[in-house]
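In the text below, chain A, chain B and the rest are named by the order of the sequence lines, each starting its count at 1.
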Number of protein chains: 2
Amino acid sequence: MGRYPQRPAGDAPDSPWQTQSAREVYSNRWLTVTEFQVTRPDGTPGIYGVPDPGDNVTIAAIDEQRRVLLISDFSYTIQRWITALPGGAIEPGEDPLVAAKRELEEEGGVTANHWELLGSFWLSPGISPQTSFCFLARDLTMVPPHPESTEIITREWTPLTDALDHTRDGTIRHATAVMSLRLAIEHL
Amino acid sequence: MGRYPQRPAGDAPDSPWQTQSAREVYSNRWLTVTEFQVTRPDGTPGIYGVPDPGDNVTIAAIDEQRRVLLISDFSYTIQRWITALPGGAIEPGEDPLVAAKRELEEEGGVTANHWELLGSFWLSPGISPQTSFCFLARDLTMVPPHPESTEIITREWTPLTDALDHTRDGTIRHATAVMSLRLAIEHL
């Protein structure tokens, strides 16, 4: 059984798809894949395989000097070191803001007194229901970070204007970082 | 066997993860899930389940009046109608620009004489290697669209400034649309 409730949980009233049945075809601690038997919008039978890692949070933590905390971590799936913002998975049933505070402290070594939700975004909604909740964190305090054992993380405080340039020049290519940085500057 | 070559294809020289073996645990026409046996950065054994739907393209098609083509399609995974840009999967071995031209014509009913790559972005690199190649298309010609049988699509030409407002107000929450619209305006 997956850790999170199955998604989609049922057919919306205005759905042109009809779900006939669902079968979990793979599950581990971080990911569940469900294969749905469906009737497609054109009336033909088919399947829809939905990988669901749950939702996640992303945090643009910006200090008094308008510097943003960037992290660099090795992505196993991409097989390279990538620059992004602090963030991580929302636990089953967890409030996104609670997850954001935890991830910023654990991964970033920062706590914040001021939080704003910049928006929530669908990362690849043709494939997965995964949604990312993007936050702006301000009024910051440094604390000791304590990342997970799989994370080797370097942290850097970068002027927000430089980070925004990096979303244009290919240095920052992580979707939630690109969106959060561009939204954050409009909230300062 | 999945349609696309397995990813990750091997360990990068600077990877702190070591891959011991790989096993395909699920595959359909649109998605392959591979479970890798790994040695994690802290030296402990573990698994990494990687769903890979292949890469995709997104197109910001902008006409002479600075209007952008928005589409609305029902997302099965999210169970709602969502507003986005034309786009779709890159076929195995296909050049991203070729895929973009095909998707813009099939889904959007538009061909273009001028193309620019705005960037390529990792949608959820902690989970999947899926990369989205985002294009700007200009000098447009209308042609008859011919969407896939699973697609019920409505099309609307919207002033780019309004579309950008929609990336802020929650109307446009599709990650590749948010990124492409914000990058496109800087290329006009």
What part of A:D52 lies closer than 4.5 angstrom to a heavy atom of chain B: side chain, backbone, both or neither? neither
Pair A:R3 + A:E91: basic N to acidic O under 4.0 Å: yes
Evaluation steps, ring pair (Phe, Tyr, Trp, His ring centres under 6.0 Å), between A:F36 and A:W17: CA-CA 11 Å; A:F36 296 88; A:W17 299 72; over 10 Å; no
Cluster check A:L104, A:V143: I/L/V/M/F/W/Y, side chain < 4.5 angstrom: no
Run B:W30 and A:I47 through side chain to side chain contact (heavy atoms under 4.5 Å, CB included) and show every step you take. CA-CA 10 Å; B:W30 305 276; A:I47 59 166; 4.1 Å; yes
Going by residue number, which parts of residues 176-183 of chain B are within reach of chain A, meaning a heavy-atom gap below 4.5 Å? B:V178, B:M179, B:R182, B:L183
Any donor-acceptor pair under 3.5 Å from A:R138 side chain to A:D63 backbone: yes
Nearest atoms (heavy-atom pairs only) where A:I59 meets A:A100: CD1-O, 3.5 Å
Kindly work out whether a path of hydrophobic side-chain contacts (I/L/V/M/F/W/Y, heavy atoms less than 4.5 Å apart) joins B:I90 to B:V98. no
Scored by heavy-atom pairs under 4.5 Å with chain A, the best of B:R29, B:R7, B:E35 is B:E35
Comparing B:V50, B:I172, B:D11 against chain A, the one with the most heavy-atom pairs below 4.5 Å turns out to be B:D11
Partner chain B: residue of A:V38, A:V33, A:V25 with the largest heavy-atom pair count (under 4.5 Å): A:V25
Closest non-hydrogen atom pair, A:N56 against A:S132: OD1-OG, 2.6 Å
Pick one of side chain, backbone, both or neither for B:Y76, based on which atoms fall under 4.5 Å of a heavy atom in chain A. both
Looking at A:A12, A:P51, A:P8, which makes the most heavy-atom pairs under 4.5 Å with chain B? A:P8
Just checking A:Q65: does its CD atom have more than 12 heavy atoms from other residues, nucleotides or ligands closer to it than 6.0 angstrom? yes
Residues B:G87 and B:E103: closest non-hydrogen pair is O-OE1, 3.1 Å
Sequence neighbours excluded, which residues qualify as side chain to side chain donor-acceptor pair (under 3.5 Å) partners of A:T77? A:S75
Under 30°, 30 to 60°, or over 60°: which ring-plane class applies to B:F74 and B:W81, parallel, tilted or perpendicular? perpendicular
Does anything in residues 160-169 of chain B get under 4.5 Å of chain A by heavy atoms, and if so which residues? B:T167, B:R168
If you count heavy-atom pairs under 4.5 Å between each of A:L31, A:I78, A:T131 and chain B, which one has the most? A:I78
A:E24 side chain to A:T32 main-chain N or O, any donor-acceptor pair under 3.5 Å? no
At their closest point, which heavy atom of B:L85 faces which heavy atom of B:L69, and how far apart are they? CD2-O, 3.6 Å
Quick check on the hydrophobic clustering: are A:I153 and A:L70 connected, directly or via other members, by side-chain heavy-atom contacts under 4.5 Å? no
Residues 118-130 of chain A: residues contacting chain B (heavy atom under 4.5 Å, by number): A:S120, A:F121, A:W122, A:L123, A:S124, A:P125, A:G126, A:I127, A:S128, A:P129, A:Q130
Most contact-rich option vs chain B, by heavy-atom pairs under 4.5 angstrom, among A:G10, A:A89, A:P53, A:P16, is A:P16
Measure across B:P86 and B:E107 and return the closest heavy-atom pair with its distance rounded to 0.1 Å. CA-OE1, 3.2 Å
Taking all heavy atoms of B:A84 and all of B:H174, pick out the closest pair and write down the distance. CB-CD2, 3.7 Å
